[in-house]
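Given the structure is predicted, the values throughout are model-derived calculations rather than measurements. Note that ligands are numbered from 1 as they come in the structure, with each ligand's atoms numbered from 1 the same way.
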Amino acid sequence: VSTTLIIAIDGPAGSGKSTLGNALASRLALETLDTGASYRALAAAVLEAGIDPNDRGEVARFARDATIDPGRGHVINGKDYSARLRAEEVNQAVSVVAAIPEVREVLVGWQRRWVLAHGGGVVEGRDIGTVVFPDATIKLFLTAHPKVRARRRSLEGLASIERRDRLDSTRVTSPLGAAEDSWSIDTTALTVEDIVTMVIERLESQKQGSER
Ligand code: DC
């Protein structure tokens with residue numbers, strides 16, 4: 001039985017995954033892994049290489065040949081893409097790149113190695129509870145009213161986040177979705193502290209249940 005603490009947080013753009021993830025990580029002394037950042041960095045690197053994001057074969061080859069820094073998923077082939085992760089062209093390309101199975105295979109492998117090397121963590125994305133860590137200690141699926149999500153991602157705009165959510169939810173490989181045993185939380189009207197308290201309580205009762 002694994003005692004490694006893995007907290008999986010999935011949900012659409014602007015549902016509050018990073019904010020909750022960071023708050024939980026500091027409460028539990030864990031590190032956070034924002035898996036979206038490496039999908040974004042890979043998309044930025046693909047664009048920079050002059051590859052059409054829709055060219056599945058070329059993107060797959062690029063992903064398989066890429067070297068991703070073991071500790072920092074936004075560093076690809078030795079280059080740090082952190083300043084470009086939220087660029088408009090990356091917003092446009094990332095969901096297309098992320099739908100390619102070979103891209104997911106490469107990044108999921110990297111994510112599992114990261115968690116192993118860090119002895120657990122708070123991992124946020126779209127397929128963490130369903131595919132990457134189906135045995136996570138706890139799986140959260142966050143939702144929020146579209147208006148609130150748009151406000152949280154004001155620079156991107158509602159039309160763009162809705163387009164990404166549609167692409168992310170309808171792709172064939174690992175679509176965005178709640179795992180059967182996940183806990184869905186609507187973050188529209190809750191504070192971060194409210195949710196942290198709820199999650200810590202649930203983790204404690206789970207722990208007591210497993211010790212009994
Ligand atoms: O979390 P984010 O908005 O930064 O993620 C950017 C994109 O990356 C998202 O629209 C889809 C993709 N993504 C994914 O397919 N799987 C993940 N686990 C995380 C992100």
Side-chain angles (χ1 to χ4, degrees), residues 6-22 24-25 32-47 53-54 56 59-60 62-63 66 68 72-76 81-115 121-134 136 139-144 146 148-179 182 187:
I6 300 176
I7 302 195
I9 311 181
D10 293 301
S15 56
K17 300 185 294 294
S18 297
T19 308
L20 177 64
N22 290 331
L24 281 171
T32 55
L33 179 58
D34 168 7
T35 64
S38 50
Y39 286 96
R40 287 174 178 277
L42 194 75
V46 160
L47 293 171
N54 295 295
R56 181 180 152 171
V59 176
F62 183 88
I68 308 168
R72 296 173 301 156
H74 54 272
V75 177
I76 294 183
Y81 287 93
S82 49
R84 271 189 256 163
L85 298 182
R86 307 255 162 211
E88 178 53 25
E89 55 168 12
V90 173
N91 288 337
Q92 289 298 319
V94 65
S95 292
V96 176
V97 168
I100 299 173
E102 292 86 346
V103 166
R104 307 202 67 80
E105 204 180 297
V106 167
L107 291 185
V108 167
W110 180 90
Q111 290 155 18
R112 290 183 177 143
R113 289 191 294 278
W114 187 97
V115 167
V122 178
V123 188
E124 54 137 313
R126 302 292 188 289
D127 58 341
I128 308 306
T130 49
V131 173
V132 188
F133 294 110
K139 303 179 187 181
L140 309 175
F141 190 84
L142 305 189
T143 59
V148 171
R149 299 197 292 117
R151 199 187 313 136
R152 290 173 182 164
R153 290 287 173 92
S154 59
L155 289 177
E156 183 171 357
L158 184 58
S160 176
I161 69 172
E162 286 186 329
R163 171 182 168 272
R164 277 203 294 129
D165 291 343
R166 192 173 61 248
L167 291 171
D168 297 341
S169 311
T170 55
R171 68 181 175 224
V172 176
T173 309
S174 316
L176 164 70
S182 69
T187 68

Around [atom], find the nearest protein heavy atom and jot down its residue, atom name and distance.
atom                    : value
atom 19 (C) of ligand 1 : T35 OG1, 3.3 Å
atom 16 (N) of ligand 1 : R104 NH2, 3.0 Å
atom 9 (C) of ligand 1  : D168 OD2, 3.2 Å
atom 13 (N) of ligand 1 : Y39 CD1, 3.7 Å
atom 5 (O) of ligand 1  : R126 NH2, 3.5 Å
atom 4 (O) of ligand 1  : R40 NE, 2.7 Å

**Item:** Closest contact, heavy atoms only, R149 versus A144
**Value:**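 Nearest heavy atoms, R149 then A144: NE-O, 3.3 Å.
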Suppose I only count heavy atoms of [X] and a 4.0 Å limit; which atoms of ligand 1 are within that range?
X    : answer
S95  : 10 (O)
R164 : 2 (P), 3 (O), 5 (O), 6 (C), 7 (C), 9 (C), 10 (O)
A98  : 12 (C), 15 (O)
G125 : 17 (C), 18 (N), 19 (C)
V94  : 7 (C), 8 (O)

**Message:** For ligand 1 and E124, I'd like to know whether there is a polar contact (N/O to N/O, distance under 3.5 Å).
**Reply:** no
**Item:** Geometric N/O contact K17 with ligand 1, under 3.5 angstrom
**Value:** no
Would you say the side-chain atoms of [X] pair up with the backbone N or O of [Y], donor to acceptor, closer than 3.5 Å?
X    : Y    : result
R72  : H74  : no
D10  : D127 : yes
R171 : S174 : yes
D165 : A13  : yes
T187 : S15  : yes

**Side chain to side chain, W110 and T35, heavy atoms closer than 4.5 Å** = no
**Item:** R56/E102 salt bridge by N-O under 4.0 Å criterion
**Value:**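 Yes, E102 and R56 are salt-bridged.
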**Item:** E156 contact mode with ligand 1 (heavy-atom cut-off under 4.0 Å)
**Value:** neither
**Item:** Contact check, R171 vs ligand 1, heavy-atom distance below 4.0 Å
**Value:** yes
**Asked** Just how far is it from atom CD1 of I128 to atom CD of Q111, taken to the nearest 0.5 Å?
**Response**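 That separation rounds to 5.0 Å.
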**Item:** Matching residue for N91 among R153, R40, R163 - test: side chain to side chain donor-acceptor pair (under 3.5 Å)
**Value:**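 When side chain to side chain donor-acceptor pair (under 3.5 Å) is applied between N91 and each of R153, R40, R163, only R40 qualifies.
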